[in-house]
S.K.: 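Take this structure, written in structure tokens, and hold onto it; I'll ask about it next.
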Amino acid sequence: MEIKKLDTLPEKIIIPLRQHRGAVCEPLVKKGDRVLIGQKIGESAEYQSSAVHSSVCGEVIAIEEAAHPDGNKVMSVIIQPEDSNESVAFSACKDVKPDQLAKFIKESGIVEHYGIPTHTVLRPKGKKIDTVLINATSSEWIGGTFKTPGDYASQMLDALKLLMKAAGAKKGAIVLRTDDKESIDAFEGIEVNKKKLKVAPLIGSRNVGYYFNEQNSDIVIVSQERIFGKKILNFFTYRVTGRKVKIGCDPTDVGVAVCGIKSAKALYDAVQTGVPFYDTVVSVEGVSNKMEYILVRIGTPFKDVIDSYGYTGAIGKIIANGVRTGVAQYTDQVPVTKGTTRITIQKPEEVIRDEAIECIHCARCVDVCPVELIPSRLAVMADQGRFDESRQIHVENCIECGDCAAVCPSKIPILQLIRYAKDAIEMAYEDLPEKESSNLKVGCGCGGE
Ligand code: SF4
Ligand code: SF4
């Protein structure tokens with residue numbers, strides 16, 4: 001599928017010097033400098049950091065704090081673009097050793113959409129990764145990023161091998177969505193090590209380990225249902241590998257690196273051409289009667305993306321990264337970053353302003369919770385400040401999918417209340433004490449397979 005490209009240049013490009021969790025980069029340019037496309041304009045010596053690059057050719061007009069889609073203000077390089085495609089000289093990075101590849105990933109500014117620099121996911125300090133997973137269950141990104149399904153499959157396989165090489169991992173898997181027939185068809189029949197691939201469904205105890213053995217292959221393609229949520233990594237890891245991740249830990253603690261399609265594609269492109277991560281595909285919702293996809297330069301203000309569709313209607317709310325779990329923006333001058341996956345426009349009449357009423361104990365929230373929590377009780381405890389009690393019923397296991405709030409007939413802001421409790425717990429404990437085992441699907445505390 002061909003996708004729209006935002007060809008018109010914004011009046012200014014705003015490139016935050018932090019686009020992930022970790023250190024803010026130091027600017028490598030100053031006001032008045034002329035920069036080229038792909039030029040590195042910020043870096044940090046900290047391990048938990050990733051370089052940032054200019055997405056345009058133009059003049060640096062300011063280095064100052066500016067709005068960031070996560071709701072904060074972040075030091076940013078503001079560039080006035082000029083109508084030129086002048087870029088720095090790019091050089092490919094093929095056939096390099098794992099150490100060089102990991103360094104190249106940091107230098108190329110590749111960051112996971114969930115906010116962690118990719119090189120630190122692949123090489124977490126003090127831990128060893130044995131399995132790399134590409135979470136390809138969000139197929140709406142795929143259509144906009146690859147010309148054909150065949151391109152998608154072959155590039156993702158190459159990217160998986162690169163990620164495994166950088167991590168020093170022996171095994172790797174691409175996880176598709178069970179109902180994504182186009183992607184499944186694209187992978188079926190492709191050859192890896194002279195064997196034809198067969199997309200295998202994850203059912204019951206048949207996780208990737210089962211298929212590594214059954215297919216006698218270090219690379220497998222599997223499928224599972226899509227899981228929504230901001231903090232799905234631990235749950236996803238358990239579903240795919242059967243490895244339980246302790247509360248307060250992440251998949252790297254059980255030897256698993258989870259990467260996304262965007263970072264995998266960015267790595268593939270960077271290795272092939274040397275071009276760093278400076279543009280991205282974003283889905284745009286609410287500007288027409290269907291979901292739109294657009295390739296934009298990082299640093300483009302949301303307003304320019306919205307205007308490119310000729311949208312003239314009234315705007316009630318702009319949300320970054322999805323209605324259920326995203327962040328409402330206070331200005332349309334906030335820029336697209338490496339972590340931006342979706343821009344949603346809501347008309348004034350679509351903005352939900354219902355007053356919450358009392359819980360009617362319908363248990364709909366309990367029925368939909370994918371990690372078997374009791375959202376109604378968690379909401380009450382959070383509201384009353386009973387945070388320790390909420391820990392006892394595993395508030396930290398919430399993957400922030402928002403399903404409970406979406407079905408609640410009383411319009412109780414369950415997710416916000418749960419986030420409030422989680423934040424309070426995080427601030428209250430420097431080192432969270434060990435928790436008893438639970439019978440939940442994740443975070444049982446056993447920490448192993
Ligand atoms: S408590 Fe709500 S937001 Fe959290 S995982 Fe369950 S349904 Fe999703
Ligand atoms: S869905 Fe809402 S009203 Fe129903 S039990 Fe849950 S919190 Fe209460």
Side-chain angles (χ1 to χ4, degrees), residues 4 6-21 24-25 27 29 31 35 41-42 52-56 58-81 111 113-115 230 278-288 291-353 400 402 413 415-416 419 423:
K4 181 180 160 84
L6 184 56
D7 286 330
T8 50
L9 284 169
E11 259 178 46
K12 58 183 179 183
I13 285 276
I14 305 149
I15 302 185
L17 287 164
R18 179 182 58 70
Q19 299 188 37
H20 52 74
R21 263 173 274 156
V24 182
C25 289
V29 290
K31 188 177 170 187
V35 292
I41 55 172
V52 291
H53 302 80
S54 176
S55 57
V56 289
E59 182 189 333
V60 175
I61 52 171
I63 298 174
E64 62 189 23
E65 288 203 324
H68 187 284
D70 70 5
N72 294 305
K73 284 197 162 187
V74 171
M75 194 57 76
S76 304
V77 177
I78 322 270
I79 303 167
Q80 188 173 52
V111 167
H113 67 281
Y114 56 83
K230 253 195 156 174
Y278 66 70
D279 58 15
T280 189
V281 173
V282 174
S283 53
V284 187
E285 189 177 23
V287 289
S288 70
M291 187 69 82
E292 306 280 355
Y293 299 94
I294 187 165
L295 177 66
V296 290
R297 300 163 202 260
I298 285 165
T300 303
F302 280 21
K303 183 178 190 318
D304 292 84
V305 178
I306 298 164
D307 287 352
S308 75
Y309 289 96
Y311 182 79
T312 53
I315 295 178
K317 200 186 254 188
I318 301 174
I319 303 166
N321 295 348
V323 173
R324 284 193 183 185
T325 60
V327 178
Q329 302 299 312
Y330 63 89
T331 168
D332 58 9
Q333 288 303 315
V334 68
V336 169
T337 67
K338 294 170 187 174
T340 307
T341 55
R342 180 173 297 191
I343 298 172
T344 303
I345 309 302
Q346 288 186 334
K347 298 187 179 77
E349 63 274 21
E350 291 170 335
V351 178
I352 298 172
R353 301 191 198 279
E400 301 188 15
L415 176 56
Q416 280 95 325
R419 282 182 178 159
D423 283 351

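Numbering of residues begins at 1 and proceeds along the displayed sequence.
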S.K.: When you check the gap from the basic side-chain N to the acidic O, do R419 and E400 get nearer than 4.0 Å?
M.R.: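 Yes, charged N to carboxylate O under 4.0 Å.
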S.K.: Is there side-chain contact between I41 and V35, with at least one heavy-atom pair below 4.5 Å?
M.R.: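 Side-chain contact under 4.5 Å: yes.
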S.K.: Provide the closest heavy-atom pair for F302 versus I318 in the form atom of the first, atom of the second, distance.
M.R.: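 Shortest heavy-atom contact: CD2-CG2, 3.7 Å.
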S.K.: Any sub-3.5 Å donor-acceptor pair from D279's side-chain atoms to V296's backbone N or O?
M.R.: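 Pair absent, no side-chain N/O of D279 close to backbone of V296.
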S.K.: Can you name the nearest heavy-atom pair linking I13 to P81, along with the distance?
M.R.: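 Closest heavy-atom pair between I13 and P81: CG1-CG, 3.9 Å.
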S.K.: Please report the shortest heavy-atom distance between P335 and P69, naming the atom on each side.
M.R.: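 Minimum heavy-atom contact is O-CG, 3.4 Å.
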S.K.: Can you tell me how far apart CD (Q329) and NE2 (H68) are? Round to the nearest 0.5 Å.
M.R.: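 Q329 CD to H68 NE2: 9.5 Å, rounded to 0.5 Å.
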S.K.: What heavy-atom pair brings S308 and I294 nearest, and what distance separates the two atoms?
M.R.: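 Shortest heavy-atom separation between S308 and I294 comes out as OG-CD1, 3.7 Å.
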S.K.: Measure the shortest side-chain to side-chain distance between T280 and L295 over non-hydrogen atoms and say whether it is less than 4.5 angstrom.
M.R.: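 T280 vs L295: side chains apart.
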S.K.: Test I78 against I63 for side chain to side chain contact (heavy atoms under 4.5 Å, CB included), laying out the working first.
M.R.: CA-CA 6 Å; I78 322 270; I63 298 174; over 6 Å; no
S.K.: Side chain of S283, backbone of T341: donor and acceptor closer than 3.5 Å?
M.R.: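 Answer holds: yes.
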S.K.: Main chain of G339, side chain of N321: is a donor-acceptor contact present, judged purely on distance under 3.5 Å?
M.R.: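 Yes; at least one donor-acceptor contact below 3.5 Å.
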S.K.: Kindly write out the residues that satisfy salt bridge (Lys or Arg N to Asp or Glu O under 4.0 Å) with D307, not counting sequence neighbours, or none if the list is empty.
M.R.: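 Residues passing salt bridge (Lys or Arg N to Asp or Glu O under 4.0 Å) with D307: K303.
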S.K.: At what distance, to the nearest 0.5 angstrom, does NZ of K12 lie from CG of D304?
M.R.: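 Output value for this atom pair is 10.0 Å.
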S.K.: Does a side-chain heavy-atom distance below 4.5 Å link R342 with M291?
M.R.: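 Yes; the side chains approach each other to less than 4.5 Å.
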S.K.: Hey, is the main chain of G58 close enough, under 3.5 Å, to the side chain of Q80 for a donor-acceptor pair?
M.R.: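 No; judged by distance alone, with no hydrogens or angles, the pair does not exist.
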S.K.: How close do A67 and Y330 get, counting heavy atoms only, and between which atoms?
M.R.: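 What the structure gives for the nearest pair is CB-OH, 3.5 Å.
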S.K.: Which heavy atom of V52 sits nearest a heavy atom of P16, and at what distance?
M.R.: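 In this case the closest contact between V52 and P16 is CG1-O, 3.7 Å.
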S.K.: Determine whether V305 and V282 satisfy the following criterion, side chain to side chain contact (heavy atoms under 4.5 Å, CB included), listing intermediate values before the conclusion.
M.R.: CA-CA 9 Å; V305 178; V282 174; 5.7 Å; no
S.K.: Verify, without hydrogens or angle tests, whether Q19 (side chain) and K338 (backbone) share a donor-acceptor contact under 3.5 angstrom.
M.R.: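 Judged by distance alone, yes, a pair lies under 3.5 Å.
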S.K.: Test your reading of the model: is there a side-chain donor-acceptor pair from Y309 to the backbone of T312, 3.5 Å cut-off?
M.R.: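 Looks like no, no N/O pair under 3.5 Å.
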S.K.: Give the C-alpha distance, both sets of side-chain angles, the deciding distance and a yes or no for side chain to side chain contact (heavy atoms under 4.5 Å, CB included) between S76 and I14.
M.R.: CA-CA 6 Å; S76 304; I14 305 149; 3.8 Å; yes
S.K.: Counting only N and O atoms by type, is there a donor-acceptor contact under 3.5 Å from the side chain of R297 to the main-chain atoms of S55?
M.R.: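 Yes, R297 side chain to S55 backbone: donor-acceptor pair under 3.5 Å.
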S.K.: Enumerate, atom names and distances included, each donor-acceptor pair closer than 3.5 Å involving a side-chain atom of residues 344-352, sequence neighbours excluded.
M.R.:
unit_1	atom_1	unit_2	atom_2	d
T344	OG1	E285	OE1	2.8
E350	OE1	K347	N	2.8

S.K.: Measuring from atom CZ of R21 to atom OH of Y114, what distance do you get when rounded to the nearest 0.5 angstrom?
M.R.: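 Going from the CZ atom of R21 to the OH atom of Y114 covers 9.0 Å.
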S.K.: Would you list the pairs meeting salt bridge (Lys or Arg N to Asp or Glu O under 4.0 Å) in which at least one residue belongs to residues 60-70, sequence neighbours left out?
M.R.: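 Matches after skipping sequence neighbours: R18-D70.
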S.K.: Rounded to the nearest 0.5 Å, what separates atom OG1 in T300 from atom CG in L9?
M.R.: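 Spacing of OG1 (T300) from CG (L9) equals 8.5 Å.
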